[in-house]
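Residues take their numbers from the sequence shown, with the count starting at 1.
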Amino acid sequence: MNKHELNKVGIAFAEKMFESHGFSIEKAPVTKGPVDFIASLNGKTMRIKVRAISQLGSYVFMENVDLTLTTRLCLWR
């Protein structure tokens with residue numbers, strides 16, 4: 001499985017997780033852009049970008065800017 005295929009699987013998994021928590025999913029208007037899909041719940045909308053890690057020991061760095069995690073929205077426990 002190459003990186004592109006792995007990322008597509010990661011996107012599908014993330015969409016299913018959001019759906020299982022009651023979110024409605026919309027495809028992003030642009031296929032190769034800053035957003036993979038749009039998740040909406042109770043009038044609130046989130047633009048989601050998925051990055052699947054393709055090898056052991058690799059990591060993704062993300063600054064904690066505008067990121068608020070709550071137990072209600074935590075997908076993995």
Side-chain angles (χ1 to χ4, degrees):
M1 184 178 288
N2 64 34
K3 289 182 181 183
H4 179 69
E5 293 168 334
L6 181 64
N7 205 48
K8 286 177 75 173
V9 170
I11 292 167
F13 178 77
E15 286 177 345
K16 294 295 179 197
M17 289 299 295
F18 274 93
E19 285 178 334
S20 72
H21 284 81
F23 287 82
S24 62
I25 303 299
E26 299 173 33
K27 295 293 180 188
V30 179
T31 56
K32 294 200 178 222
V35 176
D36 288 321
F37 63 91
I38 299 167
S40 302
L41 180 67
N42 298 330
K44 295 189 178 188
T45 302
M46 293 187 287
R47 295 171 293 156
I48 308 296
K49 181 68 175 178
V50 177
R51 290 288 183 216
I53 298 173
S54 61
Q55 65 186 29
L56 292 175
S58 63
Y59 64 94
V60 176
F61 174 78
M62 190 168 98
E63 290 185 40
N64 188 4
V65 178
D66 298 328
L67 179 64
T68 304
L69 295 178
T70 65
T71 55
R72 290 182 306 131
L73 296 178
C74 184
L75 299 179
W76 297 275
R77 295 179 199 193

(message) Taking Lys16 first and then Glu19, would you say they form a salt bridge - that is, a charged N and a carboxylate O separated by under 4.0 Å?
(response) yes
With a 4.5 Å heavy-atom cut-off, do Val9 and Glu5 have their side chains touching? no
Output for pair (Ile38 CD1, Phe23 CZ), nearest 0.5 Å, gives 13.5 Å
Rounded to the nearest 0.5 angstrom, the CZ-CD distance for Phe37 and Glu26 is 11.5 Å
Side-chain donor/acceptor of Asp36 to backbone N/O of Val50, under 3.5 Å: yes
Flag the pair Lys49 / Val35 as yes when at least one side-chain heavy-atom distance between them is below 4.5 Å, and no otherwise.
no
To the nearest 0.5 Å, atom NE2 of His21 lies from atom CG of Leu41 at 10.5 Å
